[in-house]
Amino acid sequence: MKTVAVVGASLAGLSAARSLRKRGYDGRLVVIGDELHRPYDRPPLSKEFLAGSLGEADLALETDDEDLRAEWLLGVRATGLDGPRRAVRLGDGGEIRADGVVIATGATARTLPGTARLAGVHTLRTLDDARALRDELALGGRLVVIGGGFVGAEVASTAYALGLDVTVVEAAPTPLAGPLGAAMGGIVSALHADHGVRLLCGVGVKGLSGESRVEAVLLEDGRSLPADLVVVGVGARPCVEWLADSGIELADGVVCGTDGRTGLAGVVAVGDCASWYDPRAGLHRRVEHWTGALERPDAAVAALLAGGTVEPAAPRPPYFWSDQYGVRIQFAGHAAGADSVTIEEGARDDRNVLAVYRRGEHPVAVLGMNQPRLFMRWRKQLAAAA
């Protein structure tokens, strides 16, 4: 290959570029990113960066002496892919023709319809999002977080520590039931009540009120929650619209094999936009976690350089963590594959549990709350079994 284009300049794209050089690729390497920023770390955006304990320089993912010999096209959006020619069309009218393409365009935060006109309404996905939200959190007041997932919970935790009056609204009966299951989702989300943060579950949001700035969140049951600030944390959608006419199969992301290869020769996908095949579950999954964006690009790059001649290994079970109210929450595996969950260590009321999810007698996932040593043992066992 003479030219490889990496479309996406966040962690997954950077990891792919690093793997290309590590595996001996010595050709032209072009990294395209729609943000103006060099690659930065996203997990601290909802925690340490919002709290002011980390600055922008601390978010940098590249080392001072790192040189990937890449052409960086930042602030340039990819608008299309000519599949047969493997040509990436750019928003500035140009194009990059390549022998290999790594799709790493990530995901974007979902928004609520009709909220763009209101000041004080935020999503949190990018550094620019975090800058704007941090400035408003510093003013204090009443914050309503819409969505009780991990990002929403982390923002609520950070805002509580900053002294804001915080309410979390979750449409589902139990927050985090999707990734953790209802039982353990209830235990983790009880951290809000432990710290005096109001949690309203099983009720949807009808809309927001205010003239030029948000004043209240209107609930479907008729209640109105006064708000000086609103954070919408209702998930993310993969950034794959630009691939609509490329010939690549799309279904909640870029449909890939177990090594990131798409149905188009010379094109792989990694990170939050990639739906890799999971042979253990027999289905495709998008893994929107930092560890997946760090680890999986190496397998995809190996497949790209080998032209698909190497038999892929099954991806490691996904792993993620979250810090809320001083509690480190760690999870590995897939809760959806379990038919039972048991607390093996600790006490739920103390929020220091180690819980194992099983299908029959076989462990398929593990959750730790302030149990780092035991959790890592179980995570290694899951990986070995996989």
Checklist entry - Is there a donor-acceptor contact under 3.5 Å linking the side chains of Tyr40 and Arg38? => result no
Item to check | Parallel, tilted or perpendicular: ring planes of Tyr319 versus Phe375, cut at 30 and 60 degrees | outcome: tilted
Item to check | Sequence neighbours excluded, every pair satisfying side chain to side chain donor-acceptor pair (under 3.5 Å) that has a member inside residues 101-112 | outcome: Thr105-Trp242
Item to check | Check ion pair Asp194-Arg351 (N to O, under 4.0 angstrom) | outcome: yes
Item to check | Whether over 12 other heavy atoms sit under 6.0 Å from Arg373 CZ | outcome: no
Checklist entry - Would Leu264 end up clustered with Leu243 when hydrophobic side chains under 4.5 Å apart are linked, directly or stepwise? => result yes
Next on the checklist: Under 6.0 Å between ring centres: does that hold for His192 and Tyr160?
Outcome noted: no
Checklist entry - Under 3.5 Å, is there a donor-acceptor pair between the Arg97 and Thr3 side chains? => result no
Next on the checklist: Applying side chain to side chain donor-acceptor pair (under 3.5 Å) to Trp276 and Asp259, what does each step give before you reach the verdict?
Outcome noted: CA-CA 7 Å; Trp276 283 35; Asp259 54 4; over 6 Å; no
Next on the checklist: If we count only N and O atoms by modelled type, under 3.5 Å, do the side chains of Asp272 and His289 hold a donor and an acceptor together?
Outcome noted: no
Item to check | Arg286 and Glu288 ion-paired at < 4.0 Å | outcome: yes
Next on the checklist: With no hydrogens and no angle check, just 3.5 Å: does a side-chain donor-acceptor pair link Gln324 and Ser157?
Outcome noted: no
Checklist entry - Can you tell me if Thr126 and Asp128 form a side-chain donor-acceptor pair at under 3.5 Å? => result no
Checklist entry - For the residue pair Phe331 and Phe150, is the inter-centroid distance of their aromatic rings smaller than 6.0 Å? => result no
